[in-house]
Amino acid sequence: GQEPLVELLRERLNEARVYGGFEPGQIITDKFMDSTGQAPEIIIIAAGSYLMGSKPRAYGALDNEQPRHRVTIEQGFGFGVREVSVAEFRQFIESTGYRTKAERKGKSSVFDDAAGRLTIREGVTWEHDYRGKPADPDLPVLHVNLHDAQAYVDWLARKTGKKYRLPSEAEYEFVARAGGTDSYWWGEGSPAEAVENLAGDRDSSPSKRNWTNSFKKYRDGHWGPAPVGTVGEGEMVHPMGVYDIAGNVREWTTDCWHQNYIKAPVDGSAWVNPGCKIRVVRGGYWASAPEQSRAAFRVSAKPESYGPVVGIRIVRDL
């Protein structure tokens, strides 16, 4: 006569194994063990299965996004609700005295609005925005390379005692798709309302420039990165509860770059070869063409590279 109780206990044991005692969709913030601060918010992502990559003739499909293959993530994980902000990265710098490569090199690339292109400027570091101006605290941190991003998540792990890390590209695409099979989490084409900081044809720069390849009839009110988690407060929200997965800034992942998905892991883990020279960056950014904001889009980058395009998204094992 105890079958219902036994089944309930089995469900709870399984939830504890898969979600570490949390629930999918729950937002948590880990306190630092020395009571000096806290980690950025993460949201619990449910375990699941999806088709990673793109069909050969799908919109914007690239050879490096194939073959399309099923990935099954059996363990839930915590995913950054927002990109890491300048203020959050400042905590790390002030706590450790760490110096980013941009600081050591004394320069980075910035967007020159007058010229309409990226240019190198002296004295630009993580404390600056995409133009090389002092960055507001709530903007996403820029001018950080993979080693800087890794140092940040390693510091979070030490401060909280939890397993913080960078996402695998399979985890990133899993969240970017949000259970769907379309090009974007909102479907196909331009969103019906402002959902992320994307390159829209109705956005314009301070000098009245417009994007030539952009989402049609779209405007989010930003040229360059927006403050983290501020675009997308209407009726259309990401089903998994995250912000800027398709826009604002691109984000570093753990994976090494491979030309295609032949022999790629199917469990959601990062595909890493010791000593690899090229890594994977995921997501679109504030100037990405529509095909570059697709959930399947991926781009290669040297781990030492940095600039006004790529930032940081955190993940935590449960």
Side-chain angles (χ1 to χ4, degrees), residues 15-16 18-47 73 75-100 125-127 135-169 171-172 174-176 225-232 238 240-245 248-254 268-270 281-283 306 310-318:
E15 289 175 359
V18 176
Y19 300 113
F22 300 110
E23 296 179 358
Q26 182 179 352
I27 296 176
I28 62 174
T29 305
D30 289 316
K31 307 294 184 183
F32 291 167
M33 292 186 292
D34 58 7
S35 301
T36 58
Q38 61 187 28
E41 285 185 331
I42 58 174
I43 191 164
I44 307 304
I45 303 297
I73 300 174
Q75 186 78 29
F77 57 96
F79 197 80
V81 174
R82 305 166 188 85
E83 297 144 337
V84 175
S85 71
V86 171
E88 290 163 341
F89 196 76
R90 186 181 299 279
Q91 282 185 296
F92 158 62
I93 296 294
E94 293 178 348
S95 173
T96 63
Y98 180 89
R99 297 185 73 227
T100 64
T125 71
W126 62 269
E127 295 186 273
D136 291 336
D138 57 354
L139 284 173
V141 66
L142 300 171
H143 311 291
V144 288
N145 67 16
L146 176 63
H147 305 302
D148 303 330
Q150 187 62 55
Y152 175 74
V153 292
D154 288 346
W155 173 74
L156 284 182
R158 294 194 303 271
K159 295 291 283 187
T160 62
K162 308 299 182 182
K163 296 179 180 179
Y164 279 92
R165 56 180 174 81
L166 298 175
S168 71
E169 67 165 327
E171 290 170 333
Y172 197 98
F174 181 57
V175 177
V228 298
T230 58
V231 180
H238 191 282
M240 291 184 175
V242 303
Y243 291 87
D244 298 318
I245 195 73
N248 214 29
V249 297
R250 287 177 174 157
E251 291 144 35
W252 288 107
T253 72
T254 307
S269 61
V281 172
R282 277 291 190 145
Y306 57 91
V310 184
I312 305 171
R313 180 87 63 167
I314 62 173
V315 163
R316 166 155 112 60
D317 292 331
L318 305 180

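The structure presented is a predicted model; accordingly, all values stated were derived computationally and were not measured.
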Are the side chain of [X] and the backbone N or O of [Y] linked by a donor-acceptor pair below 3.5 Å?
X	Y	answer
Asp136	Asp138	no
Thr230	Pro227	yes
Asn248	Ala226	yes
Arg250	Gly283	yes
Gln26	Glu23	yes

Compare every heavy atom of [Y] with every heavy atom of [X], then report the nearest pair and how far apart it is.
X	Y	value
Val144	Gly311	CG2-CA, 4.4 Å
Pro167	Arg313	CD-O, 3.2 Å
Ile73	Ala47	O-CB, 3.1 Å
Leu139	Pro225	CD2-O, 3.5 Å
Tyr243	Gly232	CE2-O, 3.9 Å
Asp244	Gly229	OD2-N, 3.6 Å

Could you grab the distance from atom [atom1] of [X] to atom [atom2] of [Y], nearest 0.5 Å is fine?
X	Y	atom1	atom2	result
Ile42	Ile314	CD1	CD1	6.5 Å
His143	Asn145	NE2	CG	12.5 Å
Ile93	Tyr98	CD1	OH	7.5 Å
Thr253	Tyr172	OG1	OH	9.5 Å

Item to check | Trace of the side chain to side chain contact (heavy atoms under 4.5 Å, CB included) decision for Val310 with Tyr306 | outcome: CA-CA 7 Å; Val310 184; Tyr306 57 91; over 6 Å; no
Checklist entry - Which is it for Ile27 and Ile43 under the side chain to side chain contact (heavy atoms under 4.5 Å, CB included) test, yes or no, and what are the steps along the way? => result CA-CA 4 Å; Ile27 296 176; Ile43 191 164; 3.9 Å; yes
Checklist outcome for this item: Across all chains, not counting sequence neighbours, the ring-ring contact (aromatic ring centres under 6.0 Å, His included) partners of Trp126 are Phe89
Checklist entry - With a 6.0 Å cut-off on ring centres, are Phe32 and Trp155 close enough? => result yes
State which residues pass side chain to side chain contact (heavy atoms under 4.5 Å, CB included) with [X]; sequence neighbours excluded, sorted by chain then number.
X	value
Ser35	none
Pro24	Tyr19, Ala46
Ala270	Ser168, Thr254, Asp255, Val272
Val175	Ile45, Phe77, Phe79, His238, Met240, Val242, Ile245

Checklist outcome for this item: Between Asp30 and the options Lys162, Arg158, Arg316, the salt bridge (charged side-chain N to carboxylate O under 4.0 Å, His left out) test singles out Arg316
Checklist entry - For Leu142 and Val86, what are the C-alpha separation, side-chain angles and deciding distance, and is it a side chain to side chain contact (heavy atoms under 4.5 Å, CB included)? => result CA-CA 8 Å; Leu142 300 171; Val86 171; over 6 Å; no
Check salt bridge (Lys or Arg N to Asp or Glu O under 4.0 Å) between [X] and all other residues, then give those that pass, not counting sequence neighbours.
X	result
Arg282	Glu169, Glu173
Glu171	Arg165
Lys159	Asp34
Arg90	Glu127

Checklist entry - Taking it one step at a time, do Glu83 and Val249 satisfy side chain to side chain contact (heavy atoms under 4.5 Å, CB included)? => result CA-CA 8 Å; Glu83 297 144 337; Val249 297; 3.3 Å; yes
Item to check | salt bridge (charged side-chain N to carboxylate O under 4.0 Å, His left out): pairs with one or both residues in residues 141-151, sequence neighbours excluded | outcome: none
Item to check | Inter- and intrachain pairs under salt bridge (charged side-chain N to carboxylate O under 4.0 Å, His left out), touching residues 35-45, at least two apart | outcome: Glu41-Arg82
Checklist entry - Pick one: which of Asp317, Asp154, Leu156 meets side chain to side chain contact (heavy atoms under 4.5 Å, CB included) with Tyr164? => result Leu156
Item to check | Gln75: side chain to side chain donor-acceptor pair (under 3.5 Å) partners, not counting sequence neighbours | outcome: none
